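Per chain, numbering begins at 1; letters A, B, ... match sequence-line order. Computation of the quantities below employed the complete heavy-atom set of this structure, encompassing side-chain atoms and omitting hydrogens, waters and symmetry-equivalent molecules. What you are looking at is a predicted structure, and each value in this text was computed from that prediction instead of being measured.
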Amino acid sequence: MNLVALRQTLQRWFEANARDFPWRHSNDPYAIWVSETMLQQTQASTVGPYYERFLARFPNVATLAQASLADVLKMWENLGYYRRAQNLHAAAQVLLREHDGRLPQDEKALLALPGIGRYTAGALRSIAFGQPAAVLDGNVRRVIARLDDLSANIDEPATEKTLWQRAAELIDPETPGRMNEALMELGAVICLPPKPQCHRCPVSDFCLAYEHHTQYERPVRKARRRIPHFDVVAGVVWHATRPHTFLIAQRPLDGMLGGLWEFPGGKLQPGESAPQALQRELQEELGIEVEVGAHVISLDHAYTHFRISLHAYRARHRGDEPRCLQVADWRWVQQADLPSFAFARTDQRIIAALDPPPLTE
DNA sequence: GATCCGTGGAG
DNA sequence: TCTCCAAGGAT
């Protein structure tokens, strides 16, 4: 294959056809780092508004490092994979303390930061610093698998090594960042997973799968496991004496949806009714007794590796104040207070199902 | 090295 | 409604 011709053709296509994203107007390594973190496992069209809000609120390493994690999570609300926000925040504090508030250009130093792995280090080095570093993301994996007509399963670690080597060969030593972006852009808009748009592809002349008519069979991937389903209950626990006041709890920082706030509850155990499960969970997590009341809403939701049916109930608090047994924190709040807390999608749907807040004034 | 971690768009 | 999967990283 003529690597020089491939690089030139692809980059010329990219320059004429690149989608306009806000991070493509910045040369600031910090801004590029934020965008690359948001783009992990998240489509570019989704990231746009989050990126601009985040940069407006945290325009540099220092403002991010000095912000509270609660503020950072609020800006990340609904973007998913919330550990990314924790890592970004923690890494900013490391940068401020150990790297003069700037991103290091050295690969080892980048990889030492939380949330920066091989892909993100390569993206920063090539796009932000102009170094000849490779990137291998889902797009590039697919593009290479088709360019080379790989029959090997790309989810196998052995194939991973081959793909990184190939990604390194494709680097344009003159314009590594542009070449890497062009590869990813091609995968995102032309070399699509189910239906590659080969008739519009600028590099189909270089593509072995196109030549062999195997592009629809590439890349070869592992079959997915079926994901389990659980029934889950959550409680809107109203204060025994204070009107319009209910309980929210903060999830532990190290688990799923870490640091987000929620209506407390948990999974139903076999043979258990939803109200029974709610009483048990509230006792285990917060050490409180409740009387379960009216059903609020039931909804289905799909996470990455399981699905739930969530059943929310009103409940009346009895007895002792809550304690942090299996939660990071808890608060008595009113509906007007909720916008300052970060909630996951399911709990936002519960909020939307509550009675409208009382009019004040 | 297999598993965990969110949400939304597309078909 | 269901499936796939997306500019991955950590453990």
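- Atom C1' of C:dT11 sits at a distance of 11 Å from the matching atom of B:dG1, rounded to the whole Å.
- Remark: C1' of C:dC2 and CZ of A:Arg307 are 8 Å apart, rounded to the nearest angstrom.
- Counting to the nearest Å, the C1' atom of B:dC4 and the CG atom of A:Asp254 are 12 Å from each other.
- To the nearest angstrom, C1' of C:dA7 lies 10 Å from CZ of A:Arg19.
- Here B:dT3 presents its C1' atom at 13 Å from CZ of A:Phe306, a figure rounded to the nearest Å.
- An OP1 or OP2 oxygen of C:dA6 is reached within less than 4.0 angstrom by a side-chain nitrogen or oxygen of A:Arg142.
- For A:Asn139 and C:dC4, the CG to P distance is 19 Å, given to the nearest whole Å.
- Where A:Ile116 and A:Glu185 each meet DNA chain C at their nearest nucleotide, the meeting point lying more 5' is that of A:Glu185.
- Protein atom CG of A:Leu110 is 11 Å distant from nucleotide atom P of C:dG9, rounded to whole Å.
- For A:Asp100, the salt bridge (Lys or Arg N to Asp or Glu O under 4.0 Å) criterion is met by A:Arg102, not counting sequence neighbours.
- Nucleic acid contact class of A:Pro193 (heavy atoms, under 4.0 Å, all strands): sugar-phosphate only.
- For the C1' atoms, the distance from B:dG8 to C:dT1 is 16 Å, rounded to whole Å.
- Salt bridge absent: A:Arg12 and A:Glu15 never bring a charged side-chain N and a carboxylate O closer than 4.0 Å.
- Ion pairing between a basic and an acidic side chain is recognised when a charged N comes within 4.0 Å of a carboxylate O; A:Arg166 and A:Asp148 show such pairing.
- In terms of position on DNA chain C, the residue among A:Asp300 and A:Asn87 whose nearest nucleotide sits closer to the 5' end is A:Asp300.
- Residue contacts for A:Trp23: at a heavy-atom cut-off of 4.0 Å it reaches a base atom on one of the strands shown.
- The aromatic ring centroids of A:His305 and A:Tyr303 lie 6.0 Å or more from each other.
- Regarding A:His305, its NE2 atom lies at a distance of 14 Å from the C1' atom of C:dA10, rounded to whole Å.
- Computed from coordinates, the A:Ile227 CD1 to C:dC4 C1' distance equals 11 Å when rounded to whole Å.
- One C1' atom belongs to B:dC5, the other to C:dC5, and the distance between them is 15 Å to the nearest Å.
- Counting heavy-atom neighbours within 6.0 Å of A:Phe246 CZ, excluding the residue itself, gives a total above 12.
- Taking atom P on both C:dA7 and B:dG11, the two are 15 Å apart, rounded to the nearest angstrom.
- If you look at A:Phe54 and A:Tyr50, their ring centroids are not closer than 6.0 Å.
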### Task
If a protein heavy atom is under 4.0 Å from the base, mark B; if only from the sugar-phosphate, S; if neither, -; do that for nucleotides 6-11 of chain B going 5' to 3'.
BBS---
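- In this structure, the separation between CG on A:Leu64 and CG on A:Asp71 is 10.5 Å, given to the nearest 0.5 Å.
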